[in-house]
There are 2 protein chains.
Amino acid sequence: MVTRERPTLEAVARRAGVSRATVSRVVNGSTSVAASIREAVNRAVDELGYVPNQAARSLVTQRTESIALILPETANRVFSDDLFFPAIIRGVGGELEAADKQLVLMMAGSAKSHDRVERYAVAGHVDGVMFASMHGADPLPGTLVRLGIPVVCSGRPIGEAAVPYVDVDHYGGVCSAVRHLVASGRRRIATIAGPQDMVAGIDRLAGYRATLEEAGLAQHVALGDFTRESGIVAMRSLLADDPALDAVFVASDMMAHGALLALKDAGRRVPADVAVVGFDDFEISRYSEPPLTTVRQPIVEMGRTMARQLLGLINGEPHQADAVVLPTELVIRDSA
Amino acid sequence: MVTRERPTLEAVARRAGVSRATVSRVVNGSTSVAASIREAVNRAVDELGYVPNQAARSLVTQRTESIALILPETANRVFSDDLFFPAIIRGVGGELEAADKQLVLMMAGSAKSHDRVERYAVAGHVDGVMFASMHGADPLPGTLVRLGIPVVCSGRPIGEAAVPYVDVDHYGGVCSAVRHLVASGRRRIATIAGPQDMVAGIDRLAGYRATLEEAGLAQHVALGDFTRESGIVAMRSLLADDPALDAVFVASDMMAHGALLALKDAGRRVPADVAVVGFDDFEISRYSEPPLTTVRQPIVEMGRTMARQLLGLINGEPHQADAVVLPTELVIRDSA
DNA sequence: CCCCTATGATTAACCGGTTAAGTTGACTTC
DNA sequence: GAAGTCAACTTAACCGGTTAATCATAGGGG
């Protein structure tokens, strides 16, 4: 290990024959530095390979140029089967990269890590915090807001009113999906709903209920937790309850996949016997058997928007919307 | 926004009637502080809600308690279809969380961001750097090592000899997979190889070639880039070249999926007409049609190991292995 | 020719911690 | 009881930047 001493501002200043303050100004691209001096300083910076010490800079500017993304699951659960978080990261990452900010990823599954997140944010290690879709009525976002830390949530937070968020139009998307089923003549339309402690789960179920009510049809609900495995289980239970069902709206693509497997297992043809509609439009659904009709939600765009909103908040830009709701869209393939 | 002023060490010290140094000692759990004083300080800390300022602390300790994970793709490409990076993040995240370190995620696709990563690491914003599987002979890891920054790569780096890494036994895994095909009577065994600028691509192809040579069989190679789409294209081209092939070893599960689709499209039954073996053992492969025989690589464990190695390096622990190679294992399902 | 202003550099205070060195006082020890 | 020891605390220097306040110098106006 070489551990060459990193040059400091002081060293650069000596070499360029000017004061620290002047070097600082040049480094930060300030105006009002004579061209000749600026050039001398830049030369010294290059020769010494000077890179500003971020800790020192943060200490005085009170800025860290980095931003936390909180994933409300333990590291073990996140990413296991799920394509949602990766897509969010993709959107957020791209936007932050463009803004030259760093992305700090934190898993906040346990109560312990929950505390850790709070301390971390409060310690001023990040300029702002984003929450990926949360479970239940998590008090953390509200707490941070009250401490004056910029926060944006993905998914309308339950309970907390004062936290800015970005979400998609779950309700509208589900309605158009279920109406599509009704319009194609299906009459025994069940649903596999998502977890009811998440807005995504709640709103999608609400959309199903409202649309069936409107159509005067009976409701059949099974619950899942967005995983493929839970989709299999739920589909089996729905078939047991009503062997004659002719359609199912599934609140996530992963669960819809499970449903397809269970239907095949039960000897049902899709869509001839049972029509299936999912929600997400993951890449994988274009290749399922049959290709899945589903409600597309723009997850990457959601990540991007979250990041943009947060950056706006951090930069104190006025006119920040408290809530942004992105549109969803029914993508019709073969399963319904 | 409340922006309540955060209390400083100074404030706590005043409140507790002691000096800053003493508070610092208590906060950092040092011994040699009288119990009564310690208690008074802790009370003051609680009352004021004091949280140490990380920037100030880093400035003097030269430690940031955070670690970078570099993904060598742009944000757009990472995560698009791939389950590798999520799994790595899962492993790394869990391990770092246990060590109370933060994870900073960086995408280093473009040359610009490449530079950004270097500056970031050199600026001392992280205590160490991990690289997820790299393309080509990237000089960055070597550069950082030479600058005295702890580095660990996932995947044996090409060219650079001096960089510690964690990898899996690609070669051994492929050999057992291809031997399995040979043993089950297959004689026209093709392969869909991965990108040849990555060790994973190179080593897996080498394993295929060596085993076929050993068995005295002809080699048929098509190239892909680990994506499903490329698997479809490659499989089609292999079938065009040799319509009578009876097996294919595919260097990634994603591509294997594509191959399954292409085979089905071409009217081949799997495994009756053509046996297929993949590499990865993603969750998804348990549910493919038919379930995929594949070489399991412990990706999450790889992430964990990387993190552990890096933490060891950072803590200056002796006897750090320069290279760790994790075992792979053939998982036999229905496709071969 | 003198004063005023603008421009551009420097000085020095400060950010909020850590820690080496110094001080204090109680307790041994002979 | 003086000297020495040790534990426990305080003092003060330092980490490496930013920036308000200050100062020097040249140019312009009357």
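Note that these values count all heavy atoms, side chains included, but never hydrogens, waters or copies made by symmetry.
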**Student:** Can you tell if the side chain of B:I89 reaches within under 4.5 Å of the side chain of B:F84, non-hydrogen atoms only?
**Tutor:**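 No, side chains not in contact.
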**Student:** What residues, two or more places apart in sequence or in another chain, satisfy side chain to side chain contact (heavy atoms under 4.5 Å, CB included) together with A:A34?
**Tutor:** A:S36, A:I37
**Student:** With the threshold set at under 4.0 Å for non-hydrogen atoms, list the residues of residues 118-129 of chain B touching DNA chain D in residue-number order.
**Tutor:**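 Per residue number, the list is empty: none.
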**Student:** Would you confirm whether A:R304, through its side chain, and A:V92, through its main-chain N or O, come within 3.5 Å as a donor-acceptor pair?
**Tutor:** no
**Student:** Listed by chain and number, what are the side chain to side chain contact (heavy atoms under 4.5 Å, CB included) partners of B:V51, not counting sequence neighbours?
**Tutor:**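 Checked B:V51 against side chain to side chain contact (heavy atoms under 4.5 Å, CB included); matches are A:V122, A:A123.
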**Student:** Donor-acceptor pair, distance only, cut-off 3.5 Å: does the side chain of A:T64 make one with the backbone of A:H125?
**Tutor:** yes
**Student:** Is it true that A:E301 and A:R308 make a salt bridge, defined as a side-chain N closer than 4.0 Å to a carboxylate O?
**Tutor:** yes
**Student:** Do any pairs count as a salt bridge (charged side-chain N to carboxylate O under 4.0 Å, His left out) and have a residue in residues 7-19 of chain B, sequence neighbours left out, and if so which ones?
**Tutor:** B:E10-B:R14, B:E10-B:R20, B:R15-B:E47
**Student:** Whole-Å distance between C:dG8 P and A:N28 CG?
**Tutor:** 18 Å
**Student:** Please report, rounded to the nearest Å, how far the C1' atom of C:dG16 is from the CZ atom of B:R57.
**Tutor:** 11 Å
**Student:** Please report the distance, rounded to the nearest Å, between CG in A:L9 and P in D:dT19.
**Tutor:** 12 Å
**Student:** Going by heavy atoms in the side chains, are B:V145 and B:I149 under 4.5 Å from each other?
**Tutor:** no
**Student:** Please examine the side chains of A:M198 and A:M134, heavy atoms only from C-beta on, and report whether any two atoms are closer than 4.5 Å.
**Tutor:** no
**Student:** Using heavy atoms and a sub-4.0 Å distance, could you list which residues of residues 40-51 of chain A are near DNA chain C? By number, please.
**Tutor:** none
**Student:** Which pairs, protein N/O on one side and nucleotides 9-15 of chain D N/O on the other, fall under 3.5 Å?
**Tutor:**
{"unit_1": "D:dC9", "atom_1": "OP2", "unit_2": "B:A34", "atom_2": "N", "d": "2.9"}
{"unit_1": "D:dT10", "atom_1": "OP2", "unit_2": "B:S19", "atom_2": "N", "d": "3.0"}
{"unit_1": "D:dT10", "atom_1": "OP2", "unit_2": "B:S19", "atom_2": "OG", "d": "2.9"}
{"unit_1": "D:dT10", "atom_1": "OP2", "unit_2": "B:T22", "atom_2": "OG1", "d": "2.6"}
{"unit_1": "D:dT10", "atom_1": "O4", "unit_2": "B:R25", "atom_2": "NH2", "d": "3.1"}

**Student:** Within the structure provided, determine whether A:L311 and A:K101 are in side-chain contact (heavy-atom separation under 4.5 Å).
**Tutor:** yes
